[in-house]
There are 2 protein chains.
Amino acid sequence: MSEEKDAVDAITAQWFAVRPELDTAPMAVFGRIYRIAKAMGDAMEERYQRFGISRGEFDVVATLRRSGAPYTLSPRQLSATLMLTTGGMTGRLDKLEKAGLLCRKPDPHDRRGLQVTITDRGLELVDEAVTAGLEVQRAALTGLSDEEVAQLTGLLRKLLAGI
Amino acid sequence: MSEEKDAVDAITAQWFAVRPELDTAPMAVFGRIYRIAKAMGDAMEERYQRFGISRGEFDVVATLRRSGAPYTLSPRQLSATLMLTTGGMTGRLDKLEKAGLLCRKPDPHDRRGLQVTITDRGLELVDEAVTAGLEVQRAALTGLSDEEVAQLTGLLRKLLAGI
DNA sequence: CATAAGTAGCTTAGCGGTAAGCTATTTATC
DNA sequence: GATAAATAGCTTACCGCTAAGCTACTTATG
């Protein structure tokens, strides 16, 4: 029934030893969220590396892919979606364009703007990469039943909504 | 009963539209975990800024604080605990020492090593900062009942254990 | 005891991000 | 229609991290 103690339990226990009046319940939640995010982020980074792209670069082509045909968005739309500054976006687009996974074309309706589109090669790569990435995530969830995953999803949605 | 749709729901719906055969359940979990980690990380960063330190620097003095008297650890122990390279640790210690929140002394038992200790000022600051940080986290959890927080903690512990 | 291997902490180069500032272009206002 | 304000994307300076290499010192091995 009871779960194993983990590193976060050890940290909350340490805090209780030196500051027993603190309510450590929040750090039991967020401490684990930070650790899961970091560990999974590293794992995803490693997996995408096999496709020659970083996790951030994957996010760009994946955003274009899931936007549907004609797989075209502006740098502005991409940087807004990915919560990235335009400077950061420029760098990612430079790399992906150089790798032949997408191309930048002038926006015919706004001469300030660009249209970013996935190439055929980019489309093929992102379709493989998203499948591979989901497999890594799915494997990380094997310890939980389908019902627990659904429960966790609901609690996380509720938590995220309140932030 | 049913929760509001959020940005992650929109993303999974987009994927379903273009790749209906994908099982998007994992990204419903990890997508939210990434977003919560980022949003809370930013919020904590902002809160600690009021104490003149970054989140990473807080983690250093907090680790020393919760280690208990005499609040002394080696740079090696700190970088291992914080999952940081020694190079990164050097930088954080430089800043904190310069700010007068900790001091480095030679390890009397090992002339390669150092002993890092919180100063009185550092101790005072970290005790205020940890309280303030917990308050930010507690506020983020107000949408969840105590039972839900406990449930979420258990599910996250289980998930983290399997990664 | 000599020496090889391992360890502690620091330095440097490089990477990917932000913030701020730039030019070119579009939109709103008079 | 002139002009002020807003917007798109890029560039630059900087920041914090990692990876790799360094010196100083300690531990293990013959």
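Computed over heavy atoms, backbone and side chain alike; hydrogens, waters and symmetry mates excluded. So that the names make sense, note that chain A is the first sequence line, chain B the second, and so on, each numbered from 1.
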Q.
Within the supplied structure, the quantity of interest is the number of heavy atoms (other residues, nucleotides, ligands) at a distance under 6.0 Å from A/Glu135 CD; does it exceed 12?
A.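 More than 12 heavy atoms, drawn from other residues, nucleotides or ligands, come within 6.0 Å of this atom.
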Separation of [N] [atom2] from [X] [atom1] (nearest whole Å):
X	N	atom1	atom2	value
A/Leu73	D/dG9	CG	P	11 Å
B/His109	C/dA8	NE2	P	16 Å
A/Leu78	D/dT7	CG	C1'	17 Å
A/Arg111	C/dT23	CZ	C1'	14 Å
A/Leu102	D/dG9	CG	C1'	15 Å
A/Arg92	C/dC15	CZ	P	16 Å
A/Lys105	D/dG9	NZ	C1'	18 Å

Please tabulate, one pair per line, each protein N/O and nucleotide N/O from nucleotides 3-5 of chain D that are separated by under 3.5 Å, including the distance.
none

Please tabulate, one pair per line, all N/O donor-acceptor pairs under 3.5 Å involving side-chain atoms of residues 21-31 of chain A, not counting sequence neighbours.
residue: A/Glu21; atom: OE2; partner: A/Arg19; partner atom: NE; Å: 2.8
residue: A/Glu21; atom: OE2; partner: A/Arg19; partner atom: NH2; Å: 3.1
residue: A/Asp23; atom: OD1; partner: A/Ala25; partner atom: N; Å: 3.1

Q: Among residues two or more places apart or on two chains, list those pairs meeting ring-ring contact (aromatic ring centres under 6.0 Å, His included) that have a residue in residues 134-163 of chain A.
A: none
All side chain to side chain contact (heavy atoms under 4.5 Å, CB included) counterparts of [X], not counting sequence neighbours:
X	value
B/Ala43	B/Val136
B/Thr81	B/Thr63, B/Arg66
A/Leu123	A/Arg65, A/Tyr71, A/Ile118
B/Glu57	B/Ile53, B/Ser54, B/Lys95, B/Leu96

Q.
For C/dC15 and A/Lys95 - does any side-chain N or O of the residue sit under 4.0 Å from the phosphate oxygens OP1/OP2?
A.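 Checking C/dC15 against A/Lys95, no side-chain N or O comes under 4.0 Å of OP1 or OP2.
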Q | Rounded distance [0.5 Å steps], CG in B/Leu73 versus CG in B/Leu78 | A | 5.0 Å
Q) Between atom CG of A/Leu159 and atom CZ of B/Arg32, what is the distance when rounded to the nearest 0.5 Å? A)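 Those atoms lie 11.0 Å apart.
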(Q) Let me check the geometry of the helix from C/dC1-D/dG30 to C/dC30-D/dG1. What is the bend angle between the axes at its two ends, five pairs each, to 10°? (A) 10°
Please list each protein N or O that sits under 3.5 Å from an N or O in nucleotides 9-11 of chain C, with the distance.
residue: C/dG9; atom: OP1; partner: B/Leu114; partner atom: N; Å: 3.0
residue: C/dG9; atom: OP2; partner: B/Arg76; partner atom: N; Å: 2.7
residue: C/dC10; atom: OP1; partner: B/Arg104; partner atom: NH1; Å: 2.9
residue: C/dC10; atom: OP2; partner: B/Thr90; partner atom: OG1; Å: 3.0
residue: C/dC10; atom: OP2; partner: B/Arg104; partner atom: NH1; Å: 3.4
residue: C/dC10; atom: N4; partner: B/Thr86; partner atom: OG1; Å: 2.8

Q. What are the residues of residues 38-61 of chain B, sorted by number, that bring a heavy atom to within less than 4.0 Å of DNA chain C?
A. none
Q: Verify, without hydrogens or angle tests, whether B/Thr72 (side chain) and B/Pro70 (backbone) share a donor-acceptor contact under 3.5 angstrom.
A: yes
Q: Report the C-alpha separation of A/Arg35 and A/Asp6 in whole Å, then their side-chain angles, then the decisive distance to 0.1 Å, and conclude whether the salt bridge (charged side-chain N to carboxylate O under 4.0 Å, His left out) test is met.
A: CA-CA 11 Å; A/Arg35 279 161 185 257; A/Asp6 65 8; over 6 Å; no
(Q) Side chain of A/Leu84, heavy atoms from C-beta onward: which of D/dA19, D/dT26, C/dG17 has the nearest atom to it? (A)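 It is C/dG17.
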Q | NZ/NE/NH1/NH2 to OD/OE distance under 4.0 Å, A/Lys38 and A/Asp42 | A | yes
Could you pull out all donor-acceptor pairs under 3.5 Å where a side-chain atom in residues 45-52 of chain B meets a protein atom, sequence neighbours excluded?
residue: B/Glu45; atom: OE2; partner: B/Arg55; partner atom: N; Å: 3.1

Using a 3.5 Å cut-off and no angle test, enumerate the donor-acceptor pairs between side-chain atoms of residues 85-93 of chain A and protein atoms at least two apart in sequence or in another chain.
residue: A/Thr85; atom: OG1; partner: A/Gly88; partner atom: N; Å: 3.3
residue: A/Thr90; atom: OG1; partner: A/Thr86; partner atom: O; Å: 3.0
residue: A/Arg92; atom: NH1; partner: A/Gly56; partner atom: O; Å: 3.0

